[in-house]
Amino acid sequence: AKAKGRNTFHFYSQELDAAANERLYIENELRIAIKEQQFKLHYQPQVNSESLEVIGYEALIRWYHPEQGFIPPDKFIHIAEATGLIVELGEWVLEEACTFSMQLQGVGKAGSMSINLSARQFKDDRLISTLADVLKRTKMPSHLLHLELTESMLMGDVEAAITQLHEIKKLGVALSIDDFGTGYSSLSYLKRFPVDMLKVDRSFVKDIPEDQNDMEITAAIIAMAQKLQLQVVAEGVETREQVDFLQKNNCYVVQGYFYSPPIAQSDVEAFCDALKQR
Ligand code: C2E
Ligand code: CA
Ligand code: CA
Ligand code: CA
């Protein structure tokens with residue numbers, strides 16, 4: 001029994017080692033990747049399903065590692081967050097996305113540009129000056145910049161969060177709550193957060209029209225957003241049935257594979273033109 005116990009321990013410790021090693025590996029590689037610019041942004045269009053116009057884009061980071069190939073954000077964002085590297089990386093994302101947005105505006109394809117903010121960036125004292133600097137440097141109209149935050153980022157120190165949200169709003173930047181409905185129940189706070197938009201999480205949308213509960217929750221979120229005069233974007237929309245359901249429930253702005261996955265910068269203009277022919 002003793003030997004078995006030792007083996008079991010050994011087994012777990014090897015697993016832990018592997019996880020710790022992978023983490024350490026990613027952390028080291030992240031530092032190199034930032035220096036060597038191994039990152040790219042892809043852009044997922046947000047489409048008005050009625051007019052078939054692109055009303056905005058969400059910037060999503062892509063890491064192409066020279067040996068490992070594509071490393072998805074779910075594998076490294078939390079490590080960048082834990083090590084603080086996200087602050088530098090996030091600044092690059094912001095500048096890159098605003099620069100591309102200006103390019104699109106130059107060819108008559110203006111739209112909002114949504115960027116994901118991590119908890120660490122949101123809480124950082126330098127956020128406001130960084131935002132102001134990037135807006136100035138890129139000449140990005142502030143109202144076209146949308147920052148996506150999650151409920152959990154707002155729920156820890158609610159008063160501090162509200163202060164920070166107001167500071168961001170003073171710059172003229174818009175705010176949206178990402179993955180809405182999956183975090184802590186912030187319904188009682190929602191009215192106090194100066195946000196402009198909610199993004200209905202994909203988990204509620206993906207089983208429409210099969211799941212009656214999900215349909216009711218989605219309809220309720222949309223109705224509540226309208227009462228609070230918030231715009232709504234549905235995420236992860238993959239089928240015509242989902243678009244129809246959302247339209248019937250007064251949600252016209254959708255994002256998801258039904259219209260387009262996140263695409264490379266060089267494909268965005270062609271997508272906008274092709275969409276109008278659909
Ligand atoms: P998110 O902000 O919720 O982004 C939506 C994710 O859903 C993206 O995954 C997108 O590619 C995927 N998606 C979009 N439409 C569909 C659909 O119709 N079906 C399905 N199955 N998936 C869809 P991605 O690009 O892998 O990003 C994952 C997460 O990583 C993001 O979730 C976001 O939390 C984070 N992330 C991505 N880029 C950044 C960034 O620049 N900064 C920060 N802080 N986080 C980022
Ligand atoms: Ca997002
Ligand atoms: Ca989301
Ligand atoms: Ca998410």
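First listed ligand is number 1; within each ligand, the first listed atom is number 1.
In the model, Gln105 has a side-chain atom that pairs as donor or acceptor with a side-chain atom of Ser101 under 3.5 Å. Side chains of Ser118 and Glu81: a donor-acceptor N/O pair is present below 3.5 angstrom, by distance only. No hydrogens or angles considered: a donor-acceptor pair under 3.5 Å links the side chains of Gln46 and Gln255.
Cation-pi geometry between Arg278 and Phe258 is met: the NZ or CZ atom falls under 6.0 Å from the ring centre, inside 45° of the normal.
At a heavy-atom cutoff of 4.0 Å, ligand 1 is contacted by no atom of Lys206, backbone or side chain. Residue Pro72 does not touch ligand 1, judged by heavy-atom distances below 4.0 Å. Residue contacts with ligand 1 for His78 are absent, since no atom lies close enough (heavy atoms, distance under 4.0 Å). Residue Leu41 does not touch ligand 1, judged by heavy-atom distances below 4.0 Å. Under 4.0 Å from ligand 1, not a single heavy atom of Ile115 appears. For Gln255, no heavy-atom contact with ligand 1 is shorter than 4.0 Å. Contacts with ligand 1 closer than 4.0 Å are made by side-chain heavy atoms of Glu235 only, the backbone lying farther away.
Annotation: side chain of Gln38 is not in contact with side chain of Glu29 (no heavy-atom distance under 4.5 Å). Between Val200 and Leu246 the shortest side-chain heavy-atom distance does not fall below 4.5 Å.
Distance alone, capped at 3.5 Å, is enough to place a donor-acceptor pair between the Ser129 side chain and the Arg126 backbone. Distance alone, capped at 3.5 Å, is enough to place a donor-acceptor pair between the Gln164 side chain and the Phe122 backbone. In this structure, the side chain of Asp179 does not engage the main chain of Thr182 through any donor-acceptor pair within 3.5 Å.
The atom of Glu148 that is an N, O or S and sits closest to the Ca ion (ligand 2) is OE1. Restricting Glu58 to its N, O or S atoms, the one at the least distance from the Ca ion (ligand 2) is OE2. Nearest N/O/S atom of Asp178 relative to the Ca ion (ligand 2): this is OD2. The atom name of the N/O/S atom in Asp179 closest to the Ca ion (ligand 3) is OD1.
Residue Gln121 has no nitrogen or oxygen atom sitting less than 3.5 Å from a nitrogen or oxygen atom of ligand 1, judged on distance alone. Polar contact check, Glu148 against ligand 1: no nitrogen or oxygen pair lies under 3.5 Å apart. Backbone and side-chain nitrogen or oxygen atoms of Ile61 are examined, and one is located within less than 3.5 angstrom of a nitrogen or oxygen of ligand 1.
Here Lys75 contributes atom NZ and Glu22 contributes atom CD; the two are 6.0 Å apart, rounded to the nearest 0.5 Å. Between Glu151 atom CD and Leu190 atom CG the span is 8.0 Å, to the nearest 0.5 Å.
Taking 3.0 Å as the criterion, Glu235 counts as a coordinating residue of the Ca ion (ligand 3), since one of its N, O or S atoms falls below it. The Ca ion (ligand 2) has no N, O or S atom of Ser114 closer than 3.0 Å.
Distances from atom 43 (C) of ligand 1 to the heavy atoms of Leu149, Val237, Asn116, Leu60 show the closest one on Asn116. Remark: among candidates Arg202, Arg120, Lys199, His42, the nearest residue to atom 21 (N) of ligand 1 is Arg202, based on non-hydrogen atoms. The closest non-hydrogen atom to atom 28 (C) of ligand 1, taken over Thr182, Ile86, Asp74, Val254, comes from Asp74.
For ligand 1, the atoms sitting less than 4.0 Å from at least one non-hydrogen atom of Val93 are 41 (O), numbered in the order shown with element in parentheses. Per-residue contacts place Gly256 under 4.0 angstrom from the following atoms of ligand 1 (heavy atoms of the residue considered): 15 (N), 18 (O). For ligand 1, the atoms closer than 4.0 angstrom to any heavy atom of Gln44 are 14 (C), 15 (N). Close contacts between ligand 1 and Asp179 involve ligand atoms 3 (O) [criterion: under 4.0 Å to a heavy atom].
The closest approach between any non-hydrogen atom of Glu58 and ligand 1 is below 4.0 Å. By the 4.0 Å heavy-atom criterion, Arg62 is counted among the residues contacting ligand 1.
Tested against Gln44 for a side chain to side chain contact (heavy atoms under 4.5 Å, CB included), the candidates Tyr259, Tyr257, Tyr57 yield a single pass: Tyr257.
Relative ring orientation between Phe76 and Trp63 is described as perpendicular, the plane-to-plane angle rising above 60° on a 0-90° scale split at 30° and 60°.
Minimum interatomic distance between Ala174 and Asp196 (heavy atoms only, all atoms of both residues): CA-OD2, 3.3 Å.
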